[in-house]
Amino acid sequence: MEETNKNNPLEGITKEKTQEIVEETLAIYPEKARAKRAPHMSANDPEDAGCAIRSNRKTVPGVMSARGCAYAGAKGVVWGPIRDMVHVSHGPIGCGYYSWGTRRNLVEGTMGVDVFSAMQFTSDFQEKDIVYGGDKKLEVLCREAKELFPLTKGISVLSECPVGLIGDDINAVAKKSAEELDIPVVPCNCEGFRGVSQSLGHHISNDTIRDHIIGTREFSEPIGKYDVAIIGDYNIGGDAWASKKVLEEMGLTVKAVWTGDGQIEHIAATHQVKLNLIHCYRSMNYMAKVMEEKYGIPWMEFNFFGPTKIAESLREIAAQFDEQIQENAEKVIAKYTAPMQRVIDEYRPRLEGKRLLIFVGGLRPRHTIGAYEDLGMKVVASGYEFAHNDDYERTYPELDKGTLVFDDASELELEKWVEEFRPDLVASGVKEKYVFQKAGIPFRQMHSWDYSGPYHAYDGFPIFARDMDMAINSPTWGLVKAPF
Amino acid sequence: MSEQCAIKKVTEITTEEVDRIKAWINTEEYKEKNLAREALVVNPAHACQPLGAQLVAHGFESTLPFVHGSQGCASYYRSSLNRHFREPAPAVSDAMTEDGAVFGGQNNLHEGLENAYALYKPKMIAVFTSCMPEVIGDDLNSYIQNARNEEIIPQDYPVPYANTPSFNGSHVQGYDPMLKSIVECLGGGKRVEGKNNGRLNLIPGFDTCTGNYREYKRIMKAFDIPCTMLADISETFDSPLTGTYHPFPGGTPLDETADVLNSQATIALQSYATKLTTKWMAQNTDAPVETLSMPIGVKKTDELLLKISELFDKPVPEELIAERGRVVDAMTDAHQYLHNKKFAIYGDPDWLLGMVSFLLEMGAKPYHILCSRSNKKFAKTLQALLDTSPYGADCNIWINKDLWHLRSLCATDPVDAMIGNCHGKFITRDLGIPLIRAGYPIIDRVNLHRYPTVGYQGTMNLLTWTVNTLLDQVDATCEDRNFEIMR
């Protein structure tokens with residue numbers, strides 16, 4: 001478990017060979033598209049800044065990108081998981097419909113009574129709303145939402161494309177409705193045409209939390225010296241519950257989770273905590289920085305995938321506190337060492353040396369590497385749908401020299417790389433899943449944990465290990481080749 | 001300090017409040033307020049137009065669906081189809097962004113066509129729109145013509161296109177213009193006077209059950225009548241796992257489609273999803289163009305078989321007659337479990353007409369019938385169908401209502417079971433009413449889309465699922481003293 005990547009280079013993978021694969025991949029494109037795609041893929045070299053990947057640029061039209069839009073980043077990632085608000089997909093019916101329940105942000109509570117996040121609220125724009133504007137409808141809608149869901153702690157208004165194009169003023173409506181209904185009504189101009197991916201939706205949503213939410217509440221109990229917040233855990237399959245459990249076992253108090261199983265008033269009072277712990281840096285770094293600048297709250301990143309990284313993170317987190325917490329952290333690590341070793345003993349023999357290609361979003365293309373390595377698996381290629389430079393800077397050191405790093409891959413590129421690297425597992429999204437399974441390549445959806453989870457923390461690792469094993473070693477793969 | 005004092009404290013919702021509201025949302029009072037909603041839609045049972053258009057595009061040989069609009073839209077349609085079928089759904093977008101709002105989407109469309117054509121080598125690219133180009137008023141016709149003139153695509157390369165604004169109708173309305181555009185693009189002007197290729201054009205409509213397409217083909221094979229099934233997704237979304245990925249594994253052959261105007265007849269099996277297409281067909285050929293109901297249940301299947309028999313002057317094959325007998329036998333055997341049972345059903349108009357017909361045949365009551373995007377004319381058609389049977393008396397039609405309305409209706413005026421897509425499961429959870437899954441999407445159970453719900457065989461499946469679900473419910477909920485081995 002202690003071995004680092006660099007001491008254990010991948011057999012048969014060199015910078016030169018990977019660069020050749022990159023050139024061959026680019027050859028599939030017409031000239032203009034080739035020039036655009038070229039800076040988005042490279043052989044990794046942690047010591048050479050020259051391998052820098054270009055990212056956060058427009059998707060090339062006509063290629064099969066996996067990217068979503070700003071609305072997806074706002075609704076699916078930042079706002080949607082907050083459990084006690086009505087999140088309105090403002091505009092036509094589709095966006096809310098397709099994103100309904102598909103991110104698996106679990107919540108505590110009674111659906112439709114005090115929590116609402118598994119429901120789909122929309123203004124279902126019709127032609128007349130496009131022609132005459134949807135502001136009046138939105139005003140009525142907010143009133144109806146409050147009347148029918150009286151325990152709602154607020155309303156978020158998540159704009160879809162037409163709203164921004166027809167010049168509606170959702171800010172004015174939200175302000176008026178918030179006063180009338182006496183709950184926060186947050187206008188979020190996350191129209192899908194803004195920016196180049198989900199990423200801008202995260203940023204816009206963070207800004208709306210900054211402008212409308214943070215600092216508007218205070219915790220009713222006195223602030224303790226061990227009060228922290230988890231930022232960027234969306235409770236997919238129960239992730240945040242697993243993360244929270246470990247932090248509390250080491251004596252910290254998790255006052256708020258952003259935003260998985262999140263409660264808006266707790267989020268609003270997060271400016272009082274002592275430390276912000278960031279898991280998904282990409283989607284939530286903005287607010288961590290705001291809280292640092294405005295309220296002096298330090299923040300740090302951590303990684304709760306796999307026992308090696310969990311232990312490292314627990315020690316780093318504990319180092320921000322006193323000896324008591326540090327001692328507790330060691331106790332927690334010690335407590336879980338044996339059970340985690342049992343998981344490794346069970347699964348590592350079946351997974352040792354297996355290779356994988358990762359293509360996801362957020363934090364996973366770098367954060368899950370350690371968990372795979374705990375199981376003896378090696379990453380041969382890793383890429384992001386919507387990362388920025390700072391994500392790649394954090395990724396190069398985690399990967400072996402010569403492995404492939406890439407950005408906003410198209411499906412054809414992925415097919416080419418799978419053909420060249422022959423990974424034993426592809427870890428990506430639902431749009432890619434069935435492509436590679438048809439090709440006989442084991443696959444796990446790593447946005448939704450493939451309807452499993454949690455994968456975070458000590459509760460998550462046994463499930464993670466079991467899932468990777470069953471994907472790769474399912475007997476169904478033995479049936480693919482017909483005997484005739 | 002004073003400013004800080006003004007800040008409200010974090011409050012928690014008490015269990016008393018939760019219990020009070022939990023009870024309240026099941027009341028008549030709540031139902032009235034809920035039904036009075038004017039602006040807010042909660043848990044709808046319909047998606048947007050482009051989804052229907054994309055489904056059509058997937059149904060043609062080597063055809064690449066192409067979304068003119070924001071890239072996020074394409075990702076949503078694709079992943080929605082991926083989840084329902086558990087199959088790939090290859091489609092591209094031209095990734096319009098803010099500058100498209102200012103300059104229009106021509107540059108994106110042209111670059112997108114160039115790349116899509118070069119990369120995927122499809123035989124046809126089917127373009128349809130999401131919101132952005134519809135709001136700004138992009139002119140697809142001239143953009144595509146310009147693409148030909150600028151040699152981005154060859155002059156004769158088929159690029160059918162459809163305007164599919166998401167702010168109008170539903171996925172059902174998006175199906176039709178895309179299909180019409182494809183048949184017009186490939187088959188327009190190809191009517192040969194006096195030619196009859198002896199084929200039946202069959203248009204299933206917006207149907208996400210691959211088993212249904214296979215069932216139609218089986219029926220046609222039994223008749224021994226060659227069939228051009230338009231927008232045939234049965235291979236696209238139910239392709240074998242062989243170790244090699246094929247992006248375009250099936251679909252209606254383009255040369256067959258090109259000959260649609262020379263077929264002996266056309267039958268559309270959904271009226272609301274095929275109006276434009278059937279109108280175009282009728283205007284461009286003298287061959288009969290018929291629109292029937294979706295053949296769910298015995299009577300609607302009889303109608304289809306009789307119509308085929310009439311149009312092709314062939315008797316209904318013996319094997320289908322025997323099949324009819326078997327399903328009638330099964331329905332009679334099982335009638336006692338469904339007789340007078342009340343159902344809530346929700347979904348698309350044509351599917352609802354079929355389901356209502358089936359339930360009435362069983363002596364069951366389609367008690368709450370909910371269509372989340374339709375009109376008064378449909379309500380009238382549905383009422384006329386209900387009026388044909390005593391079991392249709394006192395049944396309720398809910399037009400342009402959603403599943404949160406249905407929850408209220410089922411709480412105050414309960415039913416024995418629901419039939420519809422997987423989104424009804426929240427009602428099941430809250431009110432204990434079992435759900436038989438059919439329609440789109442089903443993303444929480446496996447393989448149901450592989451089993452037909454049309455024809456006699458499909459009726460057998462529906463009957464089996466419905467009855468057994470009710471019996472499972474009895475076993476799961478009855479008192480110990482009523483728990484028996486026989487049912």
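Protein chains get the first letters and strands the later ones, always in sequence-line order, with residue 1 at the start of each. Computed over heavy atoms, backbone and side chain alike; hydrogens, waters and symmetry mates excluded.
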Charged N to carboxylate O below 4.0 Å: is that the case for A:E144 and B:R37? no
Hey, are the side chains of A:D124 and B:H46 touching, using non-hydrogen atoms and a 4.5 Å cut-off? yes
If you count heavy-atom pairs within less than 4.5 Å of chain B, which of A:A269, A:P150, A:S89 leads? A:P150
Side chain to side chain contact (heavy atoms under 4.5 Å, CB included) evaluation trace for A:Y434 with B:F237: CA-CA 10 Å; A:Y434 304 103; B:F237 291 125; over 6 Å; no
Kindly say whether the aromatic ring centers of A:F149 and B:W404 come within a distance under 6.0 Å. yes
Where do B:L241 and A:W477 come nearest, in terms of heavy atoms and distance? CD1-CZ3, 4.4 Å
side-chain hydrogen bond (donor to acceptor under 3.5 Å, both in side chains) between A:E127 and B:N168: does it pass, once the steps are laid out? CA-CA 6 Å; A:E127 213 143 278; B:N168 189 340; 3.2 Å; yes
I'd like to know which of A:E160, A:E415, A:K481 tops the heavy-atom pair count under 4.5 Å against chain B. A:E415
B:I25 versus chain A, heavy atoms under 4.5 Å apart: side chain, backbone, both or neither? side chain
Quick one: does any side-chain atom of A:K153 pair with a main-chain N or O of B:T11 as donor and acceptor, under 3.5 Å? yes
Ignoring hydrogens and angles, state whether a donor on the side chain of A:K438 or B:T244 is under 3.5 Å from an acceptor on the partner side chain. no
Where does B:A74 contact chain A at under 4.5 Å (heavy atoms): side chain, backbone, both or neither? neither
Is any side-chain heavy atom of A:K431 closer than 4.5 Å to a side-chain heavy atom of B:S75? yes
Side chain, backbone, both or neither: which part of A:Q198 has an atom under 4.5 Å from a heavy atom of chain B? neither
Can you tell which part of B:F85 gets under 4.5 Å to a heavy atom of chain A, answering side chain, backbone, both or neither? neither
Considering all heavy atoms, the nearest B:L51-A:Y98 contact: CB-OH, 3.2 Å
Measuring heavy-atom distances to chain A, does B:I125 have an atom under 4.5 Å in its side chain, in its backbone, in both, or in neither? neither
N/O donor-acceptor pair under 3.5 Å between B:Y76 side chain and A:G96 backbone: no
Any side-chain heavy-atom pair from A:H266 and B:E12 closer than 4.5 angstrom? yes
Main chain of B:K9, side chain of A:R217: is a donor-acceptor contact present, judged purely on distance under 3.5 Å? yes
Chain A contact via B:R373 - side chain, backbone, both or neither, heavy atoms under 4.5 Å: side chain
Are a donor atom and an acceptor atom from the side chains of A:T59 and B:Q71 found within less than 3.5 Å of each other? yes
Determine whether B:T97 and A:K58 make a side-chain contact, defined as any pair of heavy atoms from C-beta on separated by less than 4.5 Å. yes
Centroid-centroid distance, A:F436 to B:Y245, less than 6.0 Å: no
Answer key: most heavy-atom pairs under 4.5 Å with chain B among A:I28, A:D114, A:L151 is A:L151
Looking at A:V140, A:D84, A:V430, which has the largest count of heavy-atom pairs under 4.5 Å with chain B? A:V430
Could you check if a side-chain atom of A:L148 sits within less than 4.5 angstrom of a side-chain atom of B:Y30, using non-hydrogen atoms only? yes
Do A:K36 and B:E111 come within less than 4.5 Å of each other through their side chains, counting heavy atoms only? yes
Using modelled atom types only, decide if a donor and an acceptor are shared between the side chain of B:N43 and the backbone of A:Q120 within a distance under 3.5 Å. yes
What part of B:P240 is in contact with chain A, defined as an atom under 4.5 angstrom from a non-hydrogen atom: side chain, backbone, both or neither? backbone
Which portion of A:A118 sits near chain B, non-hydrogen atoms under 4.5 angstrom: both
Please flag which part of B:S239 lies under 4.5 Å from any non-hydrogen atom of chain A: side chain, backbone, both or neither. both
Need one label for B:S79: side chain, backbone, both or neither, based on atoms under 4.5 Å from any heavy atom in chain A. both
Bottom line for B:P50: the part with an atom under 4.5 Å from chain A's heavy atoms is neither
The interface call for B:V135 against chain A, heavy-atom contacts under 4.5 Å, is side chain
When you compare the side chain of A:Y97 with that of B:P44, does any pair of heavy atoms fall below 4.5 Å? yes
Flag the pair A:V60 / B:N115 as yes when at least one side-chain heavy-atom distance between them is below 4.5 Å, and no otherwise. yes
